[in-house]
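Quick note on labels: first sequence line is chain A, next is B, and so on, each numbered from 1.
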There are 2 protein chains.
Amino acid sequence: MNIRTLCLGALSFKEASGYEIKKEIEDGLFSHFIDASFGSIYPALTQLNVEGLVTLRAEEQTGRPDKKVYAITDAGHDALAKALSVVPARDKYKSEFLFEMLMQHYLSPGHIIVALEKQLADLNIDLSQMNQCKADSSQMRVPGCEFVMGYGEAVLTAGANYIELKLAELKSQGLKAAE
Amino acid sequence: MNIRTLCLGALSFKEASGYEIKKEIEDGLFSHFIDASFGSIYPALTQLNVEGLVTLRAEEQTGRPDKKVYAITDAGHDALAKALSVVPARDKYKSEFLFEMLMQHYLSPGHIIVALEKQLADLNIDLSQMNQCKADSSQMRVPGCEFVMGYGEAVLTAGANYIELKLAELKSQGLKAAE
DNA sequence: TGATGCATGTAATCCGTTACATGATTCA
DNA sequence: TGAATCATGTAACGGATTACATGCATCA
């Protein structure tokens with residue numbers, strides 16, 4: 001899947017500017033399974049407009065560049081549906097944390113604990129951000145939201161629980177060693 | 001983290017050829033959180049050799065190109081330790097599956113069920129591959145292995161359970177609708 | 001006054017994948 | 001006989017990130 005399809009997907013919920021789409025991808029539900037930067041979003045939007053898959057309306061603002069509000073067209077809906085019909089690529093998971101853990105024979109016990117705590121903190125940030133999405137009334141409400149949040153919560157919680165377990169093990173071992 | 005560090009990490013367990021490292025990354029423990037292709041591994045190995053971080057020994061073979069067996073040097077160990085000392089980047093998770101699920105208002109119930117079943121199958125493949133690693137006696141045994149497998153199993157199982165639940169819900173709903 | 005947010009966009013650069021090139025062996 | 005495995009390597013290409021460029025408003 002490419003950024004164009006992603007933008008189309010974001011616009012299928014509500015019209016938005018490139019800036020707003022970026023925020024949605026960074027802080028909203030998308031953030032848990034997709035990345036995108038301005039450098040890819042703005043050109044994608046321009047291209048989609050040229051192809052007639054989105055329309056463009058300039059909102060004047062004082063002291064700022066015009067806000068370019070994009071909205072999906074019927075052709076855009078069709079294109080999105082078509083993109084959705086192809087079999088999706090497998091999930092990709094990249095983790096320097098797990099690489100570090102696999103190499104833990106290179107690391108001091110203190111370093112390992114710090115790494116585990118950082119990972120735990122990251123997972124909890126994601127988790128609380130997910131709950132914020134849940135609580136946010138301005139959040140779009142479609143059947144997919146519930147599923148994605150449920151899936152994310154299940155996976156994130158499992159990871160966090162596992163780390164907490166290991167952390168407790170390590171710390172009790174540390175105490176014993178210090179005796 | 002880059003492919004060079006990855007190769008160094010793989011070689012820290014045992015000496016190997018580029019081909020063997022690729023296999024390790026594809027089928028071994030690394031596979032669950034890292035990707036790499038020949039096009040990146042071979043050049044990385046060449047470069048590491050030039051820099052003196054690995055040594056190279058050519059094993060003659062009949063009817064095949066010489067097997068180039070790489071081994072990590074002391075300088076390589078140092079470089080790996082140094083790379084491991086920097087704070088790792090956050091985990092990155094990309095999922096077209098979740099994007100599809102978020103857009104499920106574009107999809108037919110049949111399509112959704114197929115997508116869920118595919119995801120479940122993928123998760124189970126990963127899970128069984130993890131168990132194969134566990135059973136494989138030739139597998140390297142370091143403390144990190146246990147952790148990585150435990151983490152992977154926890155996360156993968158949580159995802160699989162969630163999907164099974166949703167699948168059961170959908171199917172019972174489908175039956176009711178058919179009545 | 002300095003960081004952060006709002007707002008858009010381009011160009012250089014990076015990093016990696018895919019495809020290509022070669023070729024013997026083994027298994028179904 | 002055709003596919004898969006073993007084995008290495010290069011070059012083209014793609015896709016996205018990072019950095020750069022600009023500039024006002026707001027908050028601490």
Side-chain angles (χ1 to χ4, degrees), chain A residues 1-8 10-11 15-28 30-31 33-50 54 56-70 83 89-90 92-96 99, chain B residues 1-8 10-11 15-28 30-31 33-50 54 56-70 83 89-96 99 138:
Chain A
M1 203 214 25
N2 53 25
I3 304 286
R4 296 171 71 254
T5 308
L6 172 59
C7 289
L8 242 25
L11 292 174
E15 55 170 35
S17 65
Y19 191 85
E20 285 162 350
I21 291 175
K22 171 78 192 312
K23 261 185 61 189
E24 186 67 37
I25 292 169
E26 210 157 67
D27 308 321
F30 287 111
S31 69
F33 54 89
I34 271 173
D35 267 320
S37 60
F38 285 128
S40 55
I41 292 171
Y42 284 127
L45 251 14
T46 304
Q47 203 198 331
L48 287 170
N49 184 45
V50 169
V54 301
L56 166 59
R57 166 171 59 85
E59 244 175 45
E60 273 179 59
Q61 300 194 130
T62 50
R64 277 186 204 153
D66 282 4
K67 190 169 168 178
K68 294 188 173 179
V69 181
Y70 294 90
R90 274 190 76 147
K92 277 182 187 95
Y93 174 60
K94 292 197 181 183
S95 178
E96 296 197 3
F99 180 74
Chain B
M1 200 215 27
N2 52 26
I3 304 286
R4 295 170 73 253
T5 308
L6 173 59
C7 289
L8 242 27
L11 292 173
E15 54 171 37
S17 63
Y19 190 86
E20 285 161 351
I21 291 175
K22 171 77 192 313
K23 261 184 62 187
E24 187 66 38
I25 292 170
E26 209 157 67
D27 307 323
F30 288 109
S31 67
F33 53 89
I34 272 171
D35 267 320
S37 60
F38 285 128
S40 56
I41 292 171
Y42 284 127
L45 252 14
T46 304
Q47 201 197 332
L48 287 170
N49 183 46
V50 169
V54 302
L56 167 57
R57 164 172 61 83
E59 244 174 45
E60 276 180 57
Q61 300 193 130
T62 49
R64 275 186 208 156
D66 282 6
K67 189 170 168 175
K68 295 189 173 179
V69 180
Y70 294 90
R90 274 191 75 149
D91 286 4
K92 276 182 189 97
Y93 174 59
K94 292 197 182 182
S95 178
E96 298 197 3
F99 179 73
S138 77

Could you give the CG-to-C1' distance, from A:Asp27 to C:dG5, as a whole number of Å?
-> 12 Å
Which listed nucleotide (D:dT10, D:dG23, C:dG16) is nearest to the side chain of B:Tyr42?
-> D:dT10
For B:Glu26 and D:dC6, what is the distance between atoms CD and P respectively, to the nearest whole Å?
-> 11 Å
Under 4.0 Å: is that the gap between some side-chain N or O of A:Ser40 and OP1 or OP2 of D:dA16?
-> no
Would you indicate which nucleotide in D:dT17, C:dG5, C:dT17 comes nearest to any side-chain atom of A:Arg64?
-> C:dG5
Between P of C:dG16 and NZ of B:Lys22, the distance in whole Å | 14 Å
So what does B:Thr46 touch, heavy atoms closer than 4.0 Å: a base, only the sugar-phosphate, or nothing?
-> nothing
Below 4.0 angstrom from OP1 or OP2 of C:dA7, is there any side-chain N or O of A:Gln61?
-> yes
Roughly, in whole Å, what's the span from CD in A:Glu24 to P in C:dG5?
-> 17 Å
Starting at CZ of B:Arg4 and ending at C1' of C:dG16, how long is that distance when rounded to a whole Å?
-> 15 Å
Contact class for B:Lys23 vs. all strands (heavy atom < 4.0 Å): base, sugar-phosphate, or nothing?
-> sugar-phosphate
Taking only the side-chain nitrogens and oxygens of A:Ser17, find out if one of them lies under 4.0 Å from OP1 or OP2 of C:dT8.
-> yes
Indicate whether OP1 or OP2 belonging to D:dT8 is found under 4.0 Å from a side-chain N or O atom of B:Tyr19.
-> no
Do B:Glu96 and B:Lys94 meet the salt-bridge criterion of a basic N to acidic O distance under 4.0 Å?
-> no
May I have the distance from B:Lys67 (atom NZ) to D:dC6 (atom C1'), rounded to whole angstrom?
-> 9 Å
Pairwise 5' ranking along DNA chain D for B:Tyr70 and B:Lys94, keeping only the more 5' one = B:Tyr70
Starting at the 5' end of DNA chain C and moving along, which residue's nearest nucleotide shows up first, A:Gly39 or A:Pro65?
-> A:Pro65
In whole angstroms, how far is the P atom of C:dC6 from the CD1 atom of A:Ile21?
-> 15 Å
Shortest non-hydrogen contact from B:Leu45 toward B:Gly18 = CD2-CA, 3.5 Å
So, B:Asn2 versus B:Thr5: side-chain donor-acceptor pair below 3.5 Å or not?
-> yes
Within-4.5 Å side-chain heavy-atom neighbours: B:Leu48 and B:Tyr70 | no
To the nearest angstrom, how far is A:Leu56 atom CG from C:dT8 atom C1'?
-> 12 Å
What are the two closest non-hydrogen atoms of A:Ala44 and A:Arg4, and how far apart are they?
-> CB-CG, 4.1 Å
